[in-house]
Amino acid sequence: MTQPAVFFGHGSPMNALGGPFAEVWRNIGEGLGKPRGVVMVSAHWETQGLGVTGQTAPPTIHDFGGFPAELFAMQYPAPGSPELAARVAALTGAVVTDQWGLDHGTWSVLAHVWPEADVPVVQLSLDRRLDARGHYELGQALAPLRDEGVIIAGSGDWVHNLRTWKRDGGGPYPWATAFDAAVKAALVAGDHDALIDWVHLAEDARLSVPTDEHYLPLLYVVAQQRPGEPVAFFNDRIEGGSISMTGVRIG
């Protein structure tokens, strides 16, 4: 059975503790069932060179500061999969490593998708030597895994500007709304070139993507889209004016 590919807009680490976004993630997990494994590309593991986690029990990484003790106490003891890591390495040339684990881009979401922590997870790093098309092509290299029972997932936010974030809430900035809409339209149209060339996707695109680490995981999911495969959006909302929580399921 061909597995879908899913991008999660993860937002604040506080979503790990629950709330409306987490409830939707839980519903997504119920629909996905139990795949053979997950390859997750998170905004929060950037490397020079490509790495993939290979432990049997990857650690839960609390890669943030200034949050409640309750959040630091959370653990997500999902198993790793040395076998899946080796398969990813064979497809992509990644180096299998034990120098990372599951960062909050991964576990804050998956703690709700599979709360029993019973689905094997490996993380693939963001190789900062690559341009956007290079990341997309790496995603294409992972595509055979979908037919082997593995979900390809990304975690980030395709609108992510913390400097303009409104702590007291409020509606989205017009530039954030425009870029969010352009991303969704390109996904529906299957216009992968437009998503790769995101700088020209909408006016003021760089306000929505001042740095690209939260956008790039989307390209690994986009690269999975086969002709005619449907897309479905969830958590379609912009928080604090400038953080898109929108996720997309392909297939």
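- Looking at Q55, its side chain does come within 3.5 Å of a backbone N or O of W100 through a donor-acceptor pair.
- Between the D131 side chain and the G134 main chain, a donor and an acceptor come within less than 3.5 Å of each other.
- Under the 4.0 Å criterion applied to side-chain N and carboxylate O atoms, R237 and D180 are not assigned as salt-bridge partners.
- P58 and G101 get closest at one heavy-atom pair: CB-CA, 4.2 Å.
- For the residue pair S242 / T164, a side-chain donor-acceptor distance below 3.5 Å is found, with atom types taken as modelled.
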Please assess W25 against F234 for the test ring-ring contact (aromatic ring centres under 6.0 Å, His included), listing each intermediate value before the final yes or no.
CA-CA 9 Å; W25 295 336; F234 55 92; 8.2 Å; no

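- For the residue pair T97 / Q99, no side-chain donor-acceptor distance below 3.5 Å is found, with atom types taken as modelled.
- For the 3.5 Å distance criterion, the side chains of S108 and H10 fail to qualify, holding no donor opposite an acceptor.
- A perpendicular orientation is assigned to the rings of F233 and W158, their planes being inclined by more than 60° (bins at 30° and 60°).
- Electrostatic pairing of E148 and R146 does not count as a salt bridge here, judged by no charged N lying under 4.0 Å from a carboxylate O.
- Note on ring orientation: taking the six-membered ring where Trp is involved, the planes of H214 and H160 are parallel (angle under 30°, cut-offs 30° and 60°).
- Ring planes of F64 and H62: perpendicular class, angle over 60° (limits at 30 and 60°).
- Checked by atom type, the side-chain pair Q48/D127 shows no donor-acceptor distance below 3.5 Å.
- Taking the ring centre of F179 as origin, the terminal cationic atom of K184 falls outside the region bounded by 6.0 Å and 45° from the ring axis.
- Here the closest heavy-atom approach between residue A186 and residue A194 is recorded as CB-CB, 4.5 Å.
- Between V39 and V150 the shortest side-chain heavy-atom distance falls below 4.5 Å.
- The side-chain heavy atoms of I238 and I243, taken from C-beta on, include no pair separated by under 4.5 Å.
- When all heavy atoms of I250 and V222 are compared, the closest pair comes out as CD1-CA, 4.1 Å.
- With no hydrogens or angles considered, a side-chain donor-acceptor pair links Q123 and T106 at under 3.5 Å.
- Here the straight-line distance linking atom CZ of F7 with atom CG of L218 works out to 5.5 Å at 0.5 Å rounding.
- Donor-acceptor pairing under 3.5 Å is recorded for the side chains of H135 and Y220.
- Within 6.0 Å of the CD atom in Q75, the count of heavy atoms belonging to other residues, nucleotides or ligands exceeds 12.
- Defined by atom type and a distance below 3.5 Å, a donor-acceptor pair is present between the side-chain atoms of H104 and H44.
- For the residue pair S244/D157, the side-chain donor-acceptor check at 3.5 Å is not satisfied.
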